[in-house]
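Quick notes on the structure that follows.
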Amino acid sequence: MNDPVIRVGPAITIPLKYLSLGILVVQTTTIVLIMRYSRLSGGSDGLYLASTAVFLSEILKMIVCLIVIRRVEAESLAHMWRLVKDEVVCKPKELVKLSVPAILYTVQNNLLFLALSLLDAATYQVTYQLKILTTAVFSVLLLGKSLRYQQWMALVMLMIGVAFVQMPSSSGSDTAGKAFSVVGFVAVLCACCSSGFSGVYFEKILKGSKQSLWIRNIQLAFGGIVFGLVGVFMNDYQAVVENGFFQGYNNLTWVIVCLQACGGLVIGVVVKYADNILKGFATSASLVLSALISFYALKDLEPSVYFLTGAALVVIATLLYSLPPATEKMKINGGANA
């Protein structure tokens, strides 16, 4: 079966999985840099509450899904509401099923805000790449996937490459050691486990479902809104009462909310048309892009031997993982010669 494509011209088409992966790389790179900056600088009225940002991103995600359903799947506004009622409201069992990844994604997003408040960017990004390994393990356990030897080697190589890329140079910031904390480190580790399990769980539901991706995302966002609101009350109730829900918000905060919402939808498309491990590789590739932006735009990175070696390993690992097995290569070559 041919992969879904997006037509961008009379004779030009782009496979949807590669387009979504490219968008995911850009989104992941941008949000990490902006989130780290926002947690360090804060707004004129103080630091915004991470729990409220997570909650608002889920609301925005649902709004976007409703708009897409109205444009793609529904003939009218009334038809859209009937679809939502029939597929979401009237199917509580499906909502319960999606509550598992909804809870985990909500916890994960809050943990990442915490980690980026406590850890320097290099420590955060390197540690967070452990989600590639957790995703691979859960893919084998929950989806019954059988990874080839070269894929396991690629995973190991990628992790080594990411570690090399993010190793601070000798001229790195002298505040990096102070930024590291046990709490931040544990937060990233927990987020990695949550990301791996929830991503594979959602992939299993999507690939065995007759419902559209957008309906599934509405179900997921519904759970995210509920549990996100619970998170606001549990973590920041007193702060909200004293200073308001939108304390510390500025334009940058709203950009983060939008990027988080869009990132969740892009990930949904990726796991529908590709797989979670490939999503992990796209996220890892964003590390290289982040380093390049830091060097050329922010002027706060001096490429070292570690960086160059790591970047090469990431590229090689990506190509190695994407290579088809030898039998498939023979079929492709045989078909081309026929």
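- In this structure, CD1 on Ile205 lies 5.0 Å from CG on Leu98, to the nearest 0.5 angstrom.
- Results of the side chain to side chain contact (heavy atoms under 4.5 Å, CB included) test with Leu49 over Val240, Asn243, Val54 single out Val240 as the only residue that passes.
- Here the straight-line distance linking atom CD1 of Ile103 with atom OG of Ser198 works out to 11.5 Å at 0.5 Å rounding.
- With hydrophobic clusters built from ILVMFWY side chains whose heavy atoms lie under 4.5 angstrom apart, Val96 does not share a cluster with Leu104.
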Steps toward side-chain contact (heavy atoms from CB on, under 4.5 Å) verdict (Thr253, Phe246) = CA-CA 10 Å; Thr253 312; Phe246 297 101; over 6 Å; no
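- In this structure, Val230 is not a member of the same hydrophobic cluster as Leu114, with clusters built from ILVMFWY side-chain heavy atoms closer than 4.5 Å.
- Glu75 CD: 12 or fewer foreign heavy atoms inside a 6.0 Å radius.
- When all heavy atoms are compared, the tightest approach of Gln247 to Ala239 is NE2-O, 2.8 Å.
- Leu259 and Ile63 fall within the same hydrophobic cluster, where Ile, Leu, Val, Met, Phe, Trp and Tyr residues are linked whenever their side-chain heavy atoms come under 4.5 Å apart, directly or through other members.
- Ile67 and Ile215 end up in the same hydrophobic cluster when Ile, Leu, Val, Met, Phe, Trp and Tyr side chains are linked at under 4.5 Å.
- Contact between Ala115 and Val188 at its shortest, heavy atoms only, is CB-CG2, 3.4 Å.
- At least one side-chain heavy atom of Glu94 sits under 4.5 Å from a side-chain heavy atom of Arg216.
- Once rounded to the nearest 0.5 Å, the distance linking CG of Leu77 with NE2 of His79 reads 11.5 Å.
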Could you walk me through whether Asn235 and Ser51 pass the side-chain hydrogen bond (donor to acceptor under 3.5 Å, both in side chains) test, one step at a time?
-> CA-CA 7 Å; Asn235 298 326; Ser51 61; 5.4 Å; no
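- Distance check: Asn110 CG to Phe227 CZ gives 13.0 Å after rounding to the nearest 0.5 Å.
- Between atom CZ of residue Phe113 and atom CZ of residue Arg36 there is a gap of 13.5 Å, rounded to the nearest 0.5 Å.
- Side-chain contact between Glu87 and Lys91 is present, with heavy atoms from C-beta onward closer than 4.5 Å.
- When the side chains of ILVMFWY residues are joined at heavy-atom separations under 4.5 Å, either directly or via intervening members, Leu229 and Val241 end up in a single hydrophobic cluster.
- Note that OH of Tyr105 is 6.5 Å distant from CG of Leu220, once rounded to the nearest 0.5 Å.
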